[in-house]
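Structure, as structure tokens:
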Amino acid sequence: MAFTVFQSALFSNPSLFSRRRTFNFCIQFSSFSTASAFPSDKFQLHKKWRQPVSSVLELGGVKIAKDEIVRDDPTNNVPDSIFSKLGMQLHRRDQHPLGILKNAIYDYFDTNYPKKFDKFDDLCPIVSTIANFDDVLVPADHVSRSYNDTYYVDSETVLRCHTSAHQAELLRGGHTHFLVTGDVYRRDSIDSTHYPVFHQMEGVRVFTPVDWEASGNDATSYAAEDLKKCLEGLARHLFGGVEMRWIDTYFPFTNPSFELEIYFQDGWLEVLGCGVTEQEILKRSGRVDNVAWAFGLGLERLAMVLFDIPDIRLFWSNDERFTSQFSKGQLGIKFKPFSKYPPCYKDMSFWISDSFTENNLCEVVRGIAGDLVEEVKLIDNFTNKKGMTSHCYRIAYRSMERSLTDEEINDLQWRVREQVETKLRVVLR
Ligand code: DAH
């Protein structure tokens, strides 16, 4: 794939939390309320195509039955396909690009801050809405809280949509230097750089007055300077001598907030979000006199660039032609595509209803085609004189492992059309 195309796609994927747009199960489920605050027909769509429930998953030593996570009620929007990803923990495999990258970042912190940072990569991804949103000051009306963007297990429990969900808990637990790596979950569009499960690493460092008093700097400037120095060093460790720039931005949890971009193969690439932790977060964790910095980075985005991996679905591939190309500790290896099978495009037009969202469409398509769907793209959109809006979507089907037969694709497309019509309440044209 031409790098420029790939790169512009990466640019279109800023953080859910930035202005530019991005339990312990571990807690009990008995508290969910069926008096729904959510438009019910939007969630009916998850009901009928669910498989019978059987499996049990072990997460961080806790056994969780599938029917606790994937349930037929309006407060739950977790499909089977997402349940099957829980517990895969790609970031804990030393031979996997995500594990190799995690370990390379660990090496940087171990070398520069020996024995300082506590590392967590096995925290339960099922968290309370309080941990995921309130504890990090995400406003009550923030888009990331919607059922359209986040997977809810019940009205008070979500699949974490960022590793920032663990910040407050770890601060309360007395940790002052830590790295949290984990799988995170977001309902999203479908293309080569978006997948509903991806991986992040969060870093936090807390300072006490003795740290900044001698510097002559105020606490916030001291933390911001230290943060930038640390992350510039990390970027050099991963990418070598690259050009970098800092962009001012907004996150609910930090002030000031920044994004780091690096100049890589002809373009600026957003690498991470970070900032000086909001004082309120520290105060609530009992650290009134302290300041802290925090950062969050997306492992797939970095790994796609570092290993030349052209499609985010490859991270989930068990094909030996993919997995055998990577080895423990080898960050510099470039992935050699083993072959590119032809894509097959199918268009679908329909009149949308008020409750239609692209994320819901993508969930239907993924539920049927799984990783055989490469892209779902809006190619036409108009409103007629009667005020009815029509969308035409082009679906690209492509396997990374084999050629698909016409029969197979026609069957998938037929099922997609059927379910789009029944579950999304749109009218096919
Ligand atoms: N949680 C943010 C996201 O998922 C990333 C992030 C930005 C984490 C800034 C941080 C931070 O800790 O300070 O988009």
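Note that ligands are numbered from 1 as they come in the structure, with each ligand's atoms numbered from 1 the same way.
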*Strictly by modelled atom types, are D110 and Y108 linked by a side-chain donor-acceptor pair under 3.5 Å?*
no

*atom 11 (C) of ligand 1: which of Y250, F258, W293, F253 has the nearest heavy atom?*
F253

_Proximal atoms of ligand 1 relative to Q167 (non-hydrogen, under 4.0 Å)_ = 12 (O)

_Heavy-atom distances under 4.0 Å decide this one: backbone, side chain, both or neither, for R186 against ligand 1?_
side chain

*asked:* Give the atom numbers and elements of ligand 1 that come within less than 4.0 Å of a heavy atom of E202.
replied: 8 (C), 10 (C), 12 (O)

*Would you mind running through ligand 1 and noting each atom that sits below 4.0 Å from a heavy atom of G275?*
13 (O)

*Going by the order shown, which atoms of ligand 1 are within less than 4.0 Å of some heavy atom of T254?*
13 (O)

*Give a yes/no on ligand 1: does E259 have at least one heavy atom closer than 4.0 angstrom to it?*
no

_Any donor-acceptor N/O pair, E374 side chain to R398 backbone, under 3.5 Å_ = no

_Pair H175-D118, side-chain donor/acceptor within less than 3.5 Å_ = yes

*Can a salt bridge be assigned to the pair E280 and R284 using a cut-off of 4.0 Å between side-chain N and carboxylate O?*
yes

*asked:* Please list, in number order, the atoms of ligand 1 under 4.0 Å from a heavy atom of Q200.
replied: 3 (C), 4 (O)

*Qualifying residues under ring pair (Phe, Tyr, Trp, His ring centres under 6.0 Å), relative to Y397, sequence neighbours excluded*: none

*Do ligand 1 and A294 have nitrogen or oxygen atoms that lie under 3.5 Å from each other?*
yes

_Would you say D94 and N103 are linked by a side-chain donor-acceptor pair, where the criterion is simply a distance under 3.5 Å?_
yes

*Without hydrogens or angle criteria, can the side chains of S146 and D149 be said to hold a donor-acceptor pair below 3.5 Å?*
yes

_Which of the numbered atoms in ligand 1 are under 4.0 angstrom from any heavy atom belonging to G296?_
6 (C), 8 (C), 10 (C), 12 (O)

